[in-house]
Amino acid sequence: MEKTKLKIILLGDSGVGKTSLLKRYNDKDFKQLHNSTIYVDLVTKEICIAERQVILQIWDTAGQERFKSLPSRFYRDTDCCVLVYDVNTLKTFESIDNWHDEFIKQANPETPTKFPFVLMGNKTDVNNGKPRVVAKEIADQWCGSKGNIVYFETSAKAKINVEEAFLEIAKKALTNE
Ligand code: GDP
Ligand code: MG
């Protein structure tokens, strides 16, 4: 059976948990990470969806504030772009617009409003007794304003929704193929 390759990229500010989410999805134990990803890193994973064998090529990026430094050839031919922020840090949510626009600019998809993005609000396990910084409704609103972006609230640490989110990401990627 022929296998379909799907290219997925993770974008978002440094520290939001991109590498941790990918490690969690890749069955590795969650570790308190200290090193930021250097440039980009690739994880491949084979799964079966809709009776098809697909190979997910998931690219992890080291965002920092230098998001413009990734060359546009890196963004091209992406099948699904995952935007990650930390629900406890407003700045990382505010950056999502930049990451979204940067992706559109660099990847230059045929119909930007139809391109499959998935938004992930990570670190939902954090409970410091204060109200959440970015409410779910705010993230939902943002998704609606951009067309039809799917939103997942996740915790790489507490294993919440990670598997579910990546399954949806794979399905979305398949629609773009
Ligand atoms: P990246 O820069 O986006 O790749 O972020 P990392 O995966 O390196 O994570 C940054 C920090 O946040 C690390 O100290 C992680 O241990 C921590 N972290 C990642 N995901 C979670 C989560 O779901 N909950 C909590 N509490 N901490 C997390
Ligand atoms: Mg990282």
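First listed ligand is number 1; within each ligand, the first listed atom is number 1.
Of all the atoms in ligand 1, the ones that sit under 4.0 Å from a non-hydrogen atom of Ser155 are 23 (O). Close contacts between ligand 1 and Val126 involve ligand atoms 26 (N) [criterion: under 4.0 Å to a heavy atom]. Near Lys157, with a cut-off below 4.0 Å to any heavy atom, the atoms of ligand 1 are 22 (C), 23 (O), 24 (N), 25 (C), 26 (N). Short contacts between ligand 1 and Lys18, defined as distances under 4.0 Å to a heavy atom of the residue, involve ligand atoms 1 (P), 2 (O), 3 (O), 4 (O), 5 (O), 7 (O). Every atom of ligand 1 with a heavy atom of Val16 under 4.0 Å away is listed here by number and element: 3 (O), 5 (O).
For ligand 1, none of its N or O atoms has an N or O atom of Asp60 under 3.5 Å away. Of the N or O atoms in Ala156, one or more lie within a sub-3.5 Å distance of an N or O in ligand 1. The shortest N/O to N/O separation between Ser20 and ligand 1 falls below 3.5 Å.
With a heavy-atom cut-off of 4.0 Å, Leu21 does not touch ligand 1 at all. When heavy-atom distances to ligand 1 are checked against a 4.0 Å cut-off, Thr19 comes that close through both its backbone and its side chain.
Remark: Lys45 qualifies as a cation-pi partner of Tyr25 under the 6.0 Å distance and 45° angle criteria applied to the six-membered ring. Cation-pi geometry between Lys7 and Phe74 is met: the NZ or CZ atom falls under 6.0 Å from the ring centre, inside 45° of the normal.
The pair Asp140-Lys136 meets the salt-bridge criterion, with a side-chain N (NZ, NE, NH1 or NH2) lying under 4.0 Å from an Asp/Glu carboxylate O. Using a 4.0 Å cut-off between a side-chain N of Lys or Arg and a carboxylate O of Asp or Glu, Glu46 and Lys3 qualify as a salt bridge. Between Glu153 and Arg132 there is a salt bridge, with a side-chain nitrogen of the basic residue lying less than 4.0 Å from a carboxylate oxygen of the acidic one. Taking 4.0 Å as the cut-off between side-chain N and carboxylate O, Lys91 and Asp86 do not count as a salt-bridged pair.
At least one heavy atom of Ser14 sits closer than 4.0 Å to an atom of ligand 1.
Taking backbone and side-chain atoms together, Thr61 has no N/O/S atom less than 2.8 Å away from the Mg ion (ligand 2).
To the nearest 0.5 angstrom, Thr78 atom OG1 is 11.0 Å from Leu6 atom CG.
The backbone N or O of Leu10 sits nowhere less than 3.5 Å from a side-chain atom of Asp60 that would complete a donor-acceptor pair.
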